[in-house]
Student: 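Mind having a look at this structure? Questions to follow.
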Amino acid sequence: MPATSVIGLQWGDEAKGKIVDLLTEDHDIVVRYQGGNNAGHTVQFGGQTYKLSLLPAGILRPGVESVVTGGVVINPRAFLEELDGIVGLNGGVDRNLLISNRAHVVFPWHMAEEAVLEKGRGGDAIGTTMRGIGTCYRDKAGRTHAIRMGDLVRGESFRDRVETVVGHKNRVLQALDPESEPLDAEAIYSEYSQYAERLAPFVTDTTSHLHKALAAGRRVLFEGAQGSLLDLDHGTFPFVTSSNSSGAGIHSGSGVPERAIERMIGVVKAYTTRVGGGPFPTELDNEIGQHIRDEGNEYGTVTGRPRRCGWFDAVATGYGARLSGVDCLAVMLLDVLGKLEEVQVCEAYEIDGERTTDFPAQLEDLARATPVLRSMPGWQADLTGIRKLEDLPVEARDYLDVVAELVGFPVDIVSVGPDREQTILVDRS
Ligand code: GDP
Ligand code: IMO
Ligand code: MG
């Protein structure tokens with residue numbers, strides 16, 4: 001069963017979108033299986049830049065099928081806005097898009113609850129994207145007040161469901177914030193009914209569809225959102241997202257068993273970034289960090305927030321790679337480090353005087369970790385026009401070797417610019 005998956009191994013924004021776009025050429029179906037419109041994936045080719053959030057990046061290739069499975073949480077308004085932006089580019093999209101009836105729906109109350117909860121944490125705020133993602137997943141786990149795509153497209157019973165849930169949510173929101181405006185069930189029902197009408201033709205049982213597709217030998221590509229260190233169970237809790245964003249989420253989110261995946265590509269930046277709160281041992285809160293931010297244009301695709309930047313962390317990334325079970329690495333944005341005289345990689349942590357290469361499970365331990373940094377000479381060259389590994393400066397090749405050695409997996413792809421063409425495929429044969 002020839003399935004491939006693309007997983008971020010850091011804290012998100014590793015340039016998964018670019019890799020998915022590249023691989024789409026050799027696949028028939030691209031699948032999003034967790035997260036929601038907290039994701040922002042960028043694809044660049046033919047002089048155009050495309051930003052995708054809920055739609056799989058395969059949507060940009062005519063003829064490729066896009067599937068959004070049950071593990072994704074869907075804001076129908078955001079979904080339709082994105083689709084409307086794409087349909088003009090890819091006229092056949094309507095025939096090639098499927099949405100799971102099991103996927104949970106994001107409603108205005110999810111954003112309202114998240115705003116109150118984040119505000120309540122003050123300086124400890126998670127720094128979420130405010131898209132109602134965590135609150136929607138919370139309702140999914142809670143079961144009593146959740147609504148799925150299958151319910152949304154079911155007419156009258158949907159009206160009753162919205163009334164019940166809004167009654168409950170208004171009581172909760174009033175208790176949390178007495179100044180909050182009550183939600184209007186009828187207005188939400190009528191808005192979402194319109195979305196339902198437009199989305200209904202796409203809604204189906206995607207699990208059974210994917211099982212049949214794999215049995216027929218169709219090539220499936222799984223597009224991860226966020227990164228392994230933001231995984232709800234295995235990441236830097238509570239500064240994580242609310243889904244399994246490591247490889248662990250593929251099976252639960254799509255219904256396709258892990259064993260169907262033949263090749264798992266772990267995507268990493270040549271350095272590290274993080275958006276939102278939480279410990280970040282290799283963070284550079286200085287002019288080098290600002291230099292990386294400027295060179296890499298490190299501002300969030302979704303929220304526009306400046307991304308925190310730091311050196312490549314082989315402890316954290318190695319953990320992400322083992323967690324997700326990758327076969328190889330795609331090292332992205334290598335060009336961004338091109339002006340630095342010296343580059344550094346974190347090869348271990350020191351916690352209370354003890355050296356370790358284990359990634360701590362406890363946030364307080366990670367917060368106390370001092371990175372043990374290996375320094376290397378920079379290559380001080382523009383890499384953006386290079387297309388072959390042997391044409392990279394020796395310092396850049398050494399850097400890639402150190403990354404591969406410390407993380408423990410070979411580098412199969414190197415990216416030296418945002419465009420589809422600015423890619424080096426490593427021949428390991
Ligand atoms: P994703 O969420 O993992 O898909 O990543 P994002 O799209 O949020 O962030 C990656 C950013 O890096 C995007 O703006 C890409 O266009 C850009 N990008 C991708 N690969 C490269 C590269 O090799 N070099 C540079 N300079 N930019 C890149
Ligand atoms: P892509 O797919 C980077 C971060 C948020 C916040 C935390 C929780 O583009 O890599 P949430 O809204 O999910 O409850 O926020 O997770 N976060 C991301 N950071 N890339 C992403 O997605 C992210 N999606 C969520 O900044 O710290
Ligand atoms: Mg992103």
Side-chain angles (χ1 to χ4, degrees), residues 6-22 32 34-45 48-54 56-57 72-73 75 106 110-111 114-115 117-118 125-138 223-232 235-243 245 266-280 292-308 330-338 382-384 386 413-424:
V6 172
I7 296 281
L9 301 188
Q10 297 159 320
W11 279 289
D13 299 327
E14 298 91 348
K16 299 174 290 295
K18 171 169 170 168
I19 294 297
V20 170
D21 170 61
L22 269 176
R32 268 288 305 273
Q34 45 73 229
N37 63 329
N38 49 350
H41 297 178
T42 316
V43 173
Q44 193 176 310
F45 60 86
Q48 296 283 323
T49 301
Y50 307 93
K51 306 244 175 231
L52 298 153
S53 193
L54 269 164
V72 176
V73 289
N75 177 325
V106 177
H110 292 126
M111 272 74 88
E114 182 173 25
L117 293 170
E118 275 286 269
I126 294 166
T128 69
T129 58
M130 292 291 182
R131 298 296 192 270
I133 305 298
T135 37
C136 184
Y137 277 119
R138 196 169 65 165
E223 174 177 353
Q226 290 82 50
S228 300
L229 305 175
L230 287 171
D231 186 286
L232 176 63
T236 50
F237 192 88
F239 295 96
V240 291
T241 193
S242 297
S243 65
S245 51
V267 188
V268 304
K269 271 181 179 158
Y271 46 94
T272 311
T273 63
R274 177 160 208 183
V275 209
F280 179 177
I292 294 174
R293 189 173 302 115
D294 293 340
E295 292 291 309
N297 190 23
E298 293 294 357
Y299 295 89
T301 313
V302 175
T303 57
R305 288 178 290 177
R307 295 177 182 148
R308 299 157 67 192
V331 179
M332 314 302 286
L333 296 106
L334 188 65
D335 54 299
V336 170
L337 304 179
D382 178 3
L383 306 186
T384 55
I386 295 179
I413 303 174
V414 181
S415 176
V416 291
D419 198 88
R420 202 187 256 176
E421 306 293 325
Q422 293 175 298
T423 312
I424 299 171

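Remember, it's 1-based here, ligands and their atoms both numbered in the order they're listed.
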Student: With distance as the sole criterion, is a donor-acceptor pair present between the side chains of Gln422 and Gln44 under 3.5 Å?
Tutor: no
Student: Is the shortest distance from a heavy atom of Arg307 to ligand 2 less than 4.0 Å?
Tutor: no
Student: May I ask you to identify the nearest protein heavy atom to atom 27 (N) of ligand 1, giving residue, atom name and distance to one decimal place in Å?
Tutor: Leu333 CD2, 3.4 Å
Student: Under 3.5 Å between some N or O of ligand 2 and some N or O of Ser242?
Tutor: no
Student: What atoms of ligand 1 come closer than 4.0 angstrom to any heavy atom of Ser415?
Tutor: 20 (N), 21 (C), 22 (C), 23 (O)
Student: Can a donor-acceptor pair be found between the side chains of Lys18 and Thr42 at a distance below 3.5 Å?
Tutor: no
Student: Using a 3.5 Å cut-off on N or O atoms only, is Gly417 in polar contact with ligand 1?
Tutor: yes
Student: Using a distance-only test with no angle check, is there a side-chain donor-acceptor pair under 3.5 angstrom linking Thr241 and Asn38?
Tutor: yes
Student: Does Gln226 have a heavy atom less than 4.0 Å from any atom of ligand 2?
Tutor: yes
Student: What part of Arg274 sits under 4.0 Å from ligand 2 if we count only heavy atoms: the side chain, the backbone, both or neither?
Tutor: neither
Student: What atoms of ligand 2 come within less than 4.0 Å of a heavy atom belonging to Lys16?
Tutor: 1 (P), 2 (O), 10 (O)
Student: Please give the atom name: the N, O or S atom of Asp13 nearest to the Mg ion (ligand 3).
Tutor: OD1
Student: Looking only at protein heavy atoms, which one is nearest to atom 6 (P) of ligand 1, and how far off is it?
Tutor: Gly40 O, 3.6 Å
Student: What residue and atom, counting heavy atoms only, is the protein's closest point to atom 26 (N) of ligand 1, and at what distance?
Tutor: Asp335 OD2, 2.8 Å
Student: Among all protein heavy atoms, pick out the one at the shortest distance from atom 17 (C) of ligand 1; state its residue, atom name and that distance to 0.1 Å.
Tutor: Pro418 CB, 4.1 Å
Student: At less than 4.0 angstrom from any non-hydrogen atom of Lys18, what atoms of ligand 1 do you find?
Tutor: 20 (N)
Student: If we only count heavy atoms from C-beta on, is the Ser228 to Ile7 side-chain gap below 4.5 Å?
Tutor: yes
Student: I'd like to know if Arg305 and Glu298 make a salt bridge, using a cut-off of under 4.0 Å between side-chain N and carboxylate O.
Tutor: no
Student: For atom 5 (C) of ligand 2, tell me which residue out of Gly276, Gly235, Gly127 has the closest non-hydrogen atom.
Tutor: Gly127
Student: Quick test: of every protein heavy atom, which one is nearest to atom 5 (O) of ligand 1, and how far off is it to 0.1 Å?
Tutor: Ala15 N, 3.2 Å
Student: Using a strict cut-off of 4.0 Å, indicate which atoms of ligand 2 neighbour a heavy atom of Ala39.
Tutor: 1 (P), 2 (O), 9 (O), 22 (O)
Student: Any N or O on Thr241 sitting closer than 3.5 Å to an N or O of ligand 2?
Tutor: yes
Student: Give yes if a backbone or side-chain nitrogen or oxygen of Val240 is under 3.5 Å from a nitrogen or oxygen of ligand 2, and no if not.
Tutor: no
Student: Nearest non-hydrogen atom to atom 16 (O) of ligand 1 belongs to which of Thr42, Val20, Leu334?
Tutor: Thr42
Student: Measure the distances from the heavy atoms of Gly40 to every atom of ligand 2 and state whether one is below 4.0 angstrom.
Tutor: yes
Student: List the steps, then state whether side chain to side chain contact (heavy atoms under 4.5 Å, CB included) holds for Thr423 with Ile413.
Tutor: CA-CA 7 Å; Thr423 312; Ile413 303 174; 3.7 Å; yes
Student: Which of the atoms in ligand 2, numbered in the order shown and given with their element, are less than 4.0 Å from a heavy-atom of Thr128?
Tutor: 6 (C), 11 (P), 12 (O), 14 (O), 15 (O)
Student: Whether the Ser243 and Gln34 side chains hold a donor-acceptor pair (N or O, under 3.5 Å, no angle test) is what I'd like checked.
Tutor: yes
Student: Checking Thr272 against Arg307: is there a side-chain donor and acceptor pair closer than 3.5 Å?
Tutor: no
Student: Is the shortest heavy-atom distance from the side chain of Arg293 to the side chain of Tyr299 under 4.5 Å?
Tutor: yes
Student: In terms of atom number and element, which parts of ligand 2 are under 4.0 angstrom from non-hydrogen atoms of Trp11?
Tutor: 3 (C), 19 (N)
Student: Does any N/O atom on Glu14 come nearer than 3.5 Å to any N/O atom on ligand 1?
Tutor: yes
Student: Any N or O on Thr129 sitting closer than 3.5 Å to an N or O of ligand 2?
Tutor: yes
Student: Distance to 0.1 Å, residue and atom name: give those for the protein heavy atom nearest to atom 4 (O) of ligand 1.
Tutor: Gly17 N, 2.9 Å
Student: Near Ala225, which atoms of ligand 2 are under 4.0 Å from a heavy atom of that residue?
Tutor: 2 (O)
Student: With heavy-atom distances below 4.0 Å as the criterion, list the atoms of ligand 1 near Val336.
Tutor: 26 (N)
Student: Got an N/O contact under 3.5 Å between Asp13 and ligand 1?
Tutor: yes
Student: Judged on heavy-atom distance to atom 11 (C) of ligand 1, which of Arg420, Gln422, Arg307 sits nearest?
Tutor: Arg307
Student: Non-hydrogen atoms of Gly296 versus ligand 1: any pair closer than 4.0 Å?
Tutor: no
Student: Less than 3.5 Å between some nitrogen or oxygen of His41 and one of ligand 2, yes or no?
Tutor: yes
